[in-house]
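Take a look at the structure set out below.
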2 protein chains.
Amino acid sequence: MGATKTDLFTQQQNEMAAMAKALAHPARIAILQYLVKKNACVCGDLVEELGLAQATTSQHLKELKTAGIIQGSIEGVSVCYCINPKVWKQYKELFNAFFKDVDLQNTCC
Amino acid sequence: MGATKTDLFTQQQNEMAAMAKALAHPARIAILQYLVKKNACVCGDLVEELGLAQATTSQHLKELKTAGIIQGSIEGVSVCYCINPKVWKQYKELFNAFFKDVDLQNTCC
DNA sequence: TTGTATTATTGCAATATTACGATTAATTTT
DNA sequence: AAAATTAATCGTAATATTGCAATAATACAA
């Protein structure tokens, strides 16, 4: 026990949960907001911007990259990160679809 | 170390991350989808529906309740759960706002 | 080649999450 | 009142996440 029982759920449910998990840390929210704002691909700045250690920042970047929502490319001695627009759109649409269809009138308790 | 450094981030960032965290488990996604589909407030069924132990199911329900997105009321010997439409709308709007403003053209790497 | 700058990885400690059996609490039913 | 039903809580084990120092890896500059 201790590990999520992914086999009990549909692929869609696991995927949705994985997407949410990628966003489930304020540092990763901050990174995404920063990337959206600056658009240009910054990276080393993130360590200063966040106030977390370099190792920790790198780890969060890795998670976002694994989730697919950002991408990085080597730019000389540093690495340029930016939003992956295709995956971003996917996130947007799936969250949108998830929250869409609820009849706000029909409460029961 | 080990605990999230919430003080490094804005309240908005922490809140957004907390919302995502509530959705960051397939069982909780499944619960919400079930509640949306059935609309009516079921509860004991969830144990059977999910395939998780009663204690585990109850724990997930508690997390969703703490996050505010569902609400429960005692209905005789059982407990009726349903979506909290007001908070649901809030989630919807905040996720919407988060994913809104990205220029999908301007990639850099 | 040697040094410098930047990011990734490793190893580890602290904390959080997930899951479940057992127990408790509350309400019905008999 | 006694038994049954339902859900919450407690205790505990397994696993995951968060964070950082230290180290490695990579690319450039001198």
Side-chain angles (χ1 to χ4, degrees), chain A residues 1-9 13-14 17-31 34-35 40-67 70-82 109, chain B residues 1-9 13-14 17-31 34-35 40-67 70-82 109:
Chain A
M1 335 138 181
T4 296
K5 291 189 154 182
T6 51
D7 53 303
L8 289 179
F9 308 100
Q13 287 165 340
N14 284 312
M19 284 167 65
K21 201 180 231 174
L23 305 178
H25 194 288
R28 295 197 287 275
I29 295 290
I31 289 173
Y34 188 80
L35 285 179
C41 316
V42 207
C43 174
D45 315 281
L46 279 172
V47 177
E48 230 182 310
E49 176 76 8
L50 298 181
L52 288 170
Q54 185 267 321
T56 309
T57 304
S58 185
Q59 206 172 341
H60 283 302
L61 283 168
K62 191 184 179 185
E63 271 177 82
L64 289 171
K65 219 168 77 181
T66 300
I70 68 170
Q71 54 194 175
S73 63
I74 299 169
E75 200 85 18
V77 83
S78 58
V79 173
C80 164
Y81 280 104
C82 63
C109 42
Chain B
M1 341 141 178
T4 296
K5 291 190 153 182
T6 50
D7 53 303
L8 289 180
F9 309 101
Q13 288 166 339
N14 284 312
M19 285 167 66
K21 202 179 230 173
L23 306 178
H25 194 288
R28 296 197 287 274
I29 294 289
I31 289 174
Y34 189 79
L35 285 179
C41 317
V42 207
C43 174
D45 315 281
L46 279 173
V47 176
E48 232 182 308
E49 176 77 8
L50 298 182
L52 287 170
Q54 185 267 319
T56 309
T57 305
S58 186
Q59 207 172 338
H60 283 302
L61 283 168
K62 191 184 179 184
E63 271 177 81
L64 289 171
K65 219 168 75 181
T66 300
I70 69 172
Q71 54 195 171
S73 65
I74 298 168
E75 201 84 17
V77 83
S78 59
V79 174
C80 162
Y81 281 104
C82 63
C109 42

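Chain letters run A, B, ... following the sequence lines, proteins first, then strands; residues in each count from 1. This is a predicted model, so every value here is computed, not measured.
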I want to check one thing: is the phosphate of C:dT17, taken as OP1 and OP2, less than 4.0 Å away from some side-chain N or O of B:Lys21? yes
Under 4.0 Å between a side-chain N/O of A:Ser58 and OP1 or OP2 of C:dA8, yes or no? yes
Ranking A:Val77 and A:Gln59 by the position along DNA chain D of their nearest nucleotide, the one closer to 5' is A:Gln59
Side-chain N,O (A:His25) to OP1/OP2 (D:dG19) below 4.0 Å: yes
Base, sugar-phosphate, or nothing: which does A:Leu52 touch, judged by heavy atoms less than 4.0 Å apart? sugar-phosphate
Presence of A:Thr56 side-chain N/O under 4.0 Å of D:dC20 phosphate oxygens OP1/OP2: yes
Under 4.0 Å: is that the gap between some side-chain N or O of A:Tyr81 and OP1 or OP2 of C:dA8? yes
Nearest heavy-atom approach of A:Ala17 to B:His25 is CB-C, 3.6 Å
Below 4.0 angstrom from OP1 or OP2 of D:dC20, is there any side-chain N or O of B:Lys5? yes
Closest-nucleotide ordering on DNA chain C, the 5'-leading residue of A:Leu61 and B:Gly76: A:Leu61
Along DNA chain D (nearest heavy atom to each residue), the more 5'-positioned of B:Gln54 and A:Ala55: B:Gln54
SG/B:Cys43 to CD1/B:Ile31 distance, rounded to the nearest 0.5 angstrom? 9.0 Å
With side chains defined as the heavy atoms from C-beta onward, is the minimum distance between B:Pro26 and A:Thr4 less than 4.5 Å? yes
Sub-4.5 Å side-chain heavy-atom contact between A:Ile29 and B:Phe9: no
Across the strands shown, which category fits B:Glu75 at heavy-atom distances under 4.0 angstrom: base, sugar-phosphate, nothing? nothing
